[in-house]
Structure formats: C-alpha cells, structure tokens
Amino acid sequence: MLCEGMIPRRRDGRIILHIDYDAYFAQVYEIENPALRSLPLAVQQKQIIVTCNYEARRRGLHKLQLISEARKVCPDVVIVLGEQLDRFRDASKDLYKYIEGFTWNKKVERLGFDEVFLDVTDIISYNQALLNSNDLRHAFFQLSRNDPTVGFPFDATTVAGHEYPEGSAQLSASEMEHSELYTRLILGSHLAQHIRHKLVEEKGYTSTVGISTSKLLSKLVGNLHKPRSQTTLMPPYERLDDPQAFRDHISMLDESCTSNVTLFIDSHDIGKIPGIGFKMSQKIRNHVLSRPAQIEEVLIYGGTRESVTVGDVRRYPGMGPEMLEKLLGGPGSERGIGYKTWGLINGIDDSEVSMIRKVPSQISIEDSYIRLDTIAEVYKELRMLCTTLLKRMRVDLLEDEEEEEDFQSPDSPQAMVSRLVSHVASTASKRWIAHPKTIRLTTRPRPPLKLSSTRSRTFNRISRSGPLPSFVFNLHEEIDVLVEKLVQETLVPMFHRLHPEKLGWNLSLINIGVTNMVETATSDGTGRGRDIGRMFKRQGEVLKEWKVEDKDIPPDIINERRVEIVTSDGSSPGLQAEPSTANEAMETNWEDALNFAQITMDEDVEWEDEESQGSNRCHTCGAGIPAFAMAAHRLYHTLGD
DNA sequence: TGGGGTCAG
DNA sequence: ACTTCTGACCCCA
C-alpha cells in the first residue's frame with residue numbers, strides 16, 4: 001500500500017525550460033573563429049581538457065582528460081587556453097540578456113556560465129487560451145501580448161523535438177488528449193525550439209533544452225538528447241489513482257510505471273539529482289547499502305560500490321521524509337532537508353526560477369599556491385588579487401550612465417544637472433549600479449601534513465571580513481593607487497587577524513571577495529525593457545519648467561555637510577582631485593547649475609528617514625552625499641577629468 | 001553581521 | 001585527481 005500522505009502533492013502548473021549551451025567554452029572560441037567549427041577543438045586549463053567540441057568528442061576526447069592523453073588519441077586536435085574567464089563571462093551575460101528578451105515575467109536564472117532556466121508559464125497560458133481546437137495543426141504562437149503578428153506558426157498536435165518516454169504521445173494518446181498539461185508541454189516544446197533557433201540565428205550558439213514543470217525535471221530531462229536538441233518530459237506526471245484512469249491503464253500499474261516522472265527519475269543515480277551533492281548522496285548510499293539484509297545482491301564486502309539509484313532509495317523499506325531527516329539532518333544542515341530531499345526523490349521541486357538579476361551578490365577572486373609562507377609573498381599576492389578584483393568590480397558593477405531613468409523625477413535637480421552635464425560636456429560617464437559594503441579575506445592553510453590524524457574534516461577555508469572602504473569606488477584614481485591603499489589599510493590588518501602567528505603558516509589558497517551588495521535604486525531593478533509609454537511621458541515632462549523640490553535629503557547630515565560639499569572640498573576620503581580647481585571650474589562654467597543646487601537647499605523640504613541614505617551615494621566615487629548636494633558633486637567629478 | 005558548510009558548473 | 005575558480009544559499013551564534 002502506498003503511503004499517500006508522505007508524498008507531497010505535485011504542482012505542475014508551471015512550464016520551465018532549461019537551456020544548456022553545447023560545449024560552452026569551445027563554442028565561445030568557435031564563434032570568435034568560425035574556422036574552428038569543423039575541427040576537433042579542446043579548451044585547456046592547467047594540464048587538462050576542461051571541455052571540447054563535439055567533433056573532438058567524436059574522435060574520442062572527453063572532458064577532464066589529460067592534455068598528453070588527448071594528443072595521443074587525437075594528434076590533430078586544436079587546443080586553446082581557457083584560463084582567462086573574461087570572454088566566457090562576457091558571452092554568458094550577453095546570451096542571458098538576449099534570452100531574457102523572450103520572457104514576459106523576467107523569471108530567468110543563470111546557473112554557471114552555460115545554463116539558463118526560464119519560467120515561461122505566463123506565455124504558455126496565454127497561447128493555450130488562443131488555441132483553436134478545430135485547427136491545431138495550423139496554430140500560431142504569439143510571442144508578444146501587444147502585437148499578435150509577432151510569433152511563429154506551429155503544429156500544436158505534436159511535440160517539437162524529442163519526448164520522454166519515446167513515442168509516449170502515441171502510447172497514451174487517448175488519455176492525454178484531455179490533459180491540460182499535455183497541451184502546455186507541447187506549447188513549451190515549440191517555444192523552446194523557437195528560442196533555440198533564434199540563439200543560433202542571432203547569436204550563433206547551439207544549445208540543448210529540457211522542457212517540464214520544474215527546474216529539477218527540465219534540467220534532468222534535457223540531458224537525454226545532446227547536443228543541439230531538446231527533450232520534453234511527457235505526461236502523465238500524476239500517479240493514476242482515479243478509478244476510471246486506473247482501469248484504462250491497468251496494464252501499466254506496475255509500480256515503476258505509475259507516472260512518467262517516477263519512471264524517469266527512478267533511473268538516476270542518487271548523486272545525479274541536483275541538490276543532492278557529494279555529502280548527502282554518501283550518507284544516503286551508506287544507509288541504503290549498509291542494510292543488505294533486504295537485498296541479497298548488494299554486498300559491501302566486495303569493495304565494489306553498487307550504484308544506488310533514486311528508485312532504490314525511494315523504495316527502500318521505511319524510506320520517507322522522516323528517515324531522510326534523520327539521515328541528513330543535524331546541526332548545520334538545512335531545515336526540513338528530509339522533506340525537501342524526499343520531494344526531489346519523488347520528482348517534486350517547487351523552487352522558483354528567480355527574477356533576472358543585474359548584479360551578482362558577491363564578487364570574489366582567488367588563486368591557489370603550491371607554497372606561500374612569507375609575508376612579502378602574501379603582500380604581493382594580495383596586490384595582484386586586489387587589482388583583479390577592482391577591475392572586476394568596474395566591469396560587473398559599473399554601467400553607462402544613460403539618461404538617468406525613472407527612479408528620480410525627470411525634473412529633479414540631479415536629473416537636470418545630469419542632463420546639462422551630458423549635453424554640454426557630452427561625457428559618457430559611468431555609474432555604480434551596486435556598492436558592496438563588505439570585503440572578505442579567505443585563506444586555506446595547507447593541511448598540517450602529519451597531525452595526530454584526528455579528523456581530516458572539510459575544515460578548509462577560514463575567513464575574516466570587514467567594511468569595504470568607499471574610496472575603492474573612486475573612478476578617477478588609478479587602480480594601482482586604490483589597490484595599495486586597500487591592501488595596506490584593510491587587507492593586511494585582516495590578514496593578521498586571520499594569521500596572528502608570525503611564522504609557521506603555509507597557505508594553499510587566498511581569496512578576496514566583496515559582498516553585501518547595496519543596489520543603487522532604479523525603478524524596476526532590471527534596467528532593461530524600456531517602457532515606451534514612459535519614454536513619451538518623459539519627453540513631455542522634460543519640456544516643462546523646472547520644479548524645485550527634493551525629498552531625498554537625510555536630515556542628520558545636511559547641516560554639517562552642506563557647506564563642505566557644495567564647495568566641493570573633497571570631504572569624501574576617496575576624492576583626490578584638486579578641490580580648488582574643481583570648485584573654480586564649477587563656479588565659472590556652471591553658475592546656473594550651482595545656483596540651482598543652492599536653491600534646492602533653501603527650499604522647505606521633507607526628510608526621509610535613514611533608509612534612503614543608501615540611494616544617496618555618488619555613483620562615481622561611492623561617497624555618501626546628501627541628495628541636495630549630489631548635483632554639485634556630480635559636476636565636481638565631471639570637471640575633474 | 002561574522003564565520004562556516006554544502007552544492008553546482 | 002574530486003583538480004580549479006568561482007557563486008549562491010543556508011545555518012549558527
């Protein structure tokens with residue numbers, strides 16, 4: 001008897017696509033140099049092939065192969081270096097933004113460089129409602145809610161690409177004709193195919209896609225047919241316990257055939273399920289294998305480890321959320337891990353595809369070392385890592401300052417002055433879209449070679465963190481200078497907190513990271529997908545008379561700072577430029593603008609609470625600036641160049 | 001918030 | 001050889 005209550009109910013209302021670019025690193029090179037496409041191409045990191053194109057695989061190469069071996073197997077292989085990740089990261093971001101363009105709800109989530117999840121539920125529902133059941137073969141998929149001509153024709157009676165199980169459309173056609181899910185998955189498969197085609201046409205990338213109702217299932221099912229293909233996990237997803245369906249499918253009632261989800265997921269090795277990693281799969285394996293009384297064939301003495309499949313675990317006597325909770329729970333482990341894992345084992349994953357994110361939640365740089373045990377070497381490495389980190393921050397957290405959108409009213413002093421600046425000086429300035437508040441230093445001490453062997457626990461990295469000084473946001477200073485300052489003032493003290501002993505340590509790794517991002521406020525957080533209506537509205541407003549008002553000024557700092565900042569004496573520690581010069585320039589060239597800023601100060605304004613301070617940072621140097629002084633502060637930067 | 005663990009690509 | 005260089009999320013105090 002099946003214990004119904006132990007299996008969480010399926011919720012298959014969503015349609016989720018999982019996109020995986022084929023042999024990603026290799027493809028990036030192929031696009032830069034199309035001549036490589038027809039050749040066996042391998043990407044090298046250290047002494048290994050990290051990935052290779054399918055031509056190379058056809059000739060016997062594979063991932064994580066030694067270079068020496070690869071050359072033996074395929075002497076004419078073209079090997080390129082893949083240690084510098086910048087090009088891969090850039091291409092990945094570009095593809096991500098392109099793919100976002102297909103979504104309506106902005107639910108698009110990147111996993112690593114080469115995978116993207118899309119929640120296309122809304123698009124599918126919309127098109128499902130549009131289907132004409134009298135002529136499904138000549139359906140039209142609408143990609144836009146506004147323009148019914150944007151889209152593509154398709155045959156809504158068949159799945160695009162592969163399906164799992166193979167030929168399942170014919171097998172249970174009678175049941176599925178009435179299945180809502182069946183229709184929605186068909187729609188999903190055609191949308192997936194369209195996106196794949198567009199990725200090739202517009203970006204030159206081939207990809208592999210999985211189509212199902214959750215991140216878990218779409219990711220897993222996509223693996224069935226690679227490369228340049230797609231697979232849809234077909235219904236029924238539910239166990240057939242409806243009496244009528246029960247009789248119709250009496251021949252399928254063998255337990256493994258109750259639903260295609262179970263059929264599909266049961267065959268996977270337990271460690272292949274996303275979310276069940278090395279540690280957890282080991283714990284589960286040990287438990288399942290260490291009770292061989294139930295299963296004669298499984299012997300642990302032989303030393304050969306039997307593979308444990310999801311099916312083995314799912315059907316293990318007494319297995320359920322409680323048992324998994326006992327197995328996997330404990331201090332440090334995630335709350336409700338047993339229930340979550342039991343869900344995964346039953347093909348249930350309710351986790352959301354997250355909204356598109358413009359900024360990462362952390363940026364870190366690390367390097368590993370054979371031996372690193374002198375303070376001088378450490379300083380040198382800190383400087384190198386810091387340099388890379390600050391450059392990365394300028395790439396990932398900086399954005400072209402385009403016409404100052406939405407968030408602040410178009411006639412606010414900031415926007416006004418900003419327009420003046422970019423118009424008259426035609427300065428293509430940059431702004432920070434986020435400010436990390438914290439910097440962290442991590443090291444991995446070399447394992448104490450021959451200790452009393454208590455436990456070689458995963459006890460790997462140790463770290464210290466502290467506030468990130470705001471001078472690092474100063475774009476007018478040379479990186480080298482900022483690095484030197486950051487190392488001396490922040491990282492060296494942090495290092496000594498981490499390693500108080502003068503000698504005796506030996507590091508195998510150093511990592512420097514910035515975290516705790518505070519996003520600079522923009523209206524929608526995406527910075528993309530301009531609203532046409534809003535643009536028109538704005539144009540009108542720009543023509544209106546200036547309004548003098550500003551409600552974003554924190555009360556506590558205005559009195560002490562107002563004079564200082566308006567006279568631009570560089571009260572922010574990060575400002576290095578000559579104050580008098582900037583000041584002079586402002587007064588001579590920007591009198592009106594300055595007056596404008598002055599007027600603003602004298603207005604009777606309302607104050608916002610402390611919370612608003614985060615949005616009153618200078619985009620350029622990161623200094624906290626009262627809103628009323630921001631306009632003048634911007635001028636200062638512009639003229640400082 | 002600081003420090004650490006697990007998982008993933 | 002579970003490597004390397006990340007990044008996300010979760011837990012505990």
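Naming convention: chains lettered A, B, ... in sequence-line order (proteins, then strands); numbering from 1 in each chain.
- Side-chain atoms of A/Arg357 lie closest to C/dA8 of the nucleotides B/dG9, B/dG3, C/dA8.
- Taking atom CD of A/Gln84 as the reference point, atom P of C/dC5 lies 13 Å away to the nearest angstrom.
- Across all strands, A/Leu64 comes closer than 4.0 Å to base atoms (heavy-atom distances).
- Remark on DNA chain C: of its neighbouring residues A/Ile365 and A/Gly336, the 5'-side contact belongs to A/Ile365, judged by nearest-heavy-atom nucleotide.
- Candidate nucleotides B/dG4, B/dC7, C/dA8 were compared by shortest atom distance to the side chain of A/Phe278, and B/dC7 ranks first.
- No engagement by A/Gly513 is indicated, since no non-hydrogen atom pair under 4.0 Å with the nucleic acid exists.
- Considering only heavy atoms from C-beta on, A/Leu372 stays 4.5 Å or farther from A/Thr443 through its side chain.
- Considering only the side chain of A/Met280, B/dC7 comes nearest among B/dG4, B/dC7, C/dT6.
- The A/Leu111 side chain lies nearest to B/dG9 when the options are C/dG7, B/dG4, B/dG9.
- For the residue pair A/Glu381/A/Tyr369, the side-chain donor-acceptor check at 3.5 Å is satisfied.
- Rounded to the nearest 0.5 Å, atoms CG (A/Leu17) and CZ (A/Arg196) are 11.0 Å apart.
- Across all strands, A/Arg335 comes closer than 4.0 Å only to sugar-phosphate atoms, never to a base (heavy-atom distances).
- In this structure, A/Lys203 is positioned above the aromatic face of A/Tyr98, its NZ or CZ under 6.0 Å from the six-membered ring centre and within 45° of the axis.
- The side chain of A/Asp114 approaches B/dG9 more closely than any other nucleotide in the set C/dC5, B/dG9, C/dG7.
- At a threshold of 4.0 angstrom between heavy atoms, the contacts of A/Glu115 are confined to the sugar-phosphate backbone, with no base atom among them.
- When rounded to the nearest whole Å, the span between CD of A/Glu381 and P of C/dC5 equals 11 Å.
- Counting non-hydrogen atoms of neighbouring residues, nucleotides and ligands closer than 6.0 angstrom, the CD atom of A/Glu83 exceeds 12 such neighbours.
- In this structure, the NZ atom of A/Lys272 is 15 Å from the C1' atom of B/dG9, given to the nearest Å.
- Using a 4.0 Å heavy-atom criterion, one finds that A/Asn511 contacts no nucleic acid atom at all.
- In this structure, the separation between CD on A/Glu484 and CG on A/Leu382 is 10.5 Å, given to the nearest 0.5 Å.
- Comparing C/dC5, C/dC9, B/dG3 by their closest approach to the side chain of A/Ser465 singles out B/dG3.
- Across all strands shown, A/Lys219 has heavy atoms under 4.0 Å from sugar-phosphate atoms exclusively, and none from any base.
- Here C/dA1 is the nucleotide among C/dA1, C/dT4, B/dT6 with the atom lying nearest to any side-chain atom of A/Leu66.
- For A/Phe25 and C/dT6, the CZ to P distance is 11 Å, given to the nearest whole Å.
- Looking at heavy-atom distances under 4.0 Å, A/Glu334 makes contact with sugar-phosphate atoms alone, never a base.
- OP1 or OP2 of C/dG7 sits under 4.0 Å from a side-chain N or O of A/Ser364.
- Atom CD of A/Gln47 is separated from atom P of C/dC2 by 17 Å (rounded to the nearest Å).
- Side-chain proximity of A/Pro274 to C/dT6, B/dA8, B/dG3: nearest is B/dA8.
- Residue-to-nucleotide proximity on DNA chain C shows that, of A/Glu366 and A/Ser333, the 5′-proximal contact is made by A/Glu366.
- Across all strands shown, A/Ile273 has heavy atoms under 4.0 Å from sugar-phosphate atoms exclusively, and none from any base.
- For the pair A/Lys63 NZ and C/dT4 P, the computed distance is 19 Å after rounding to whole Å.
- Look at CZ on A/Arg440: it is 13 Å from C1' on C/dC9, rounded to the nearest Å.
- Straight-line distance from the CD atom of A/Glu83 to the C1' atom of C/dC5: 11 Å, rounded to whole Å.
- Using a 4.0 Å heavy-atom cutoff across all strands shown, A/Arg392 reaches sugar-phosphate atoms only and no base atom.
- For the side-chain hydrogen bond (donor to acceptor under 3.5 Å, both in side chains) condition, the pairs that include at least one residue of residues 107-116 of chain A, sequence neighbours left out, are A/His18-A/Glu115, A/Ser92-A/Arg110, A/Lys107-A/Glu352, A/Glu109-A/Lys215, A/Glu109-A/Ser354, A/Glu115-A/Lys219.
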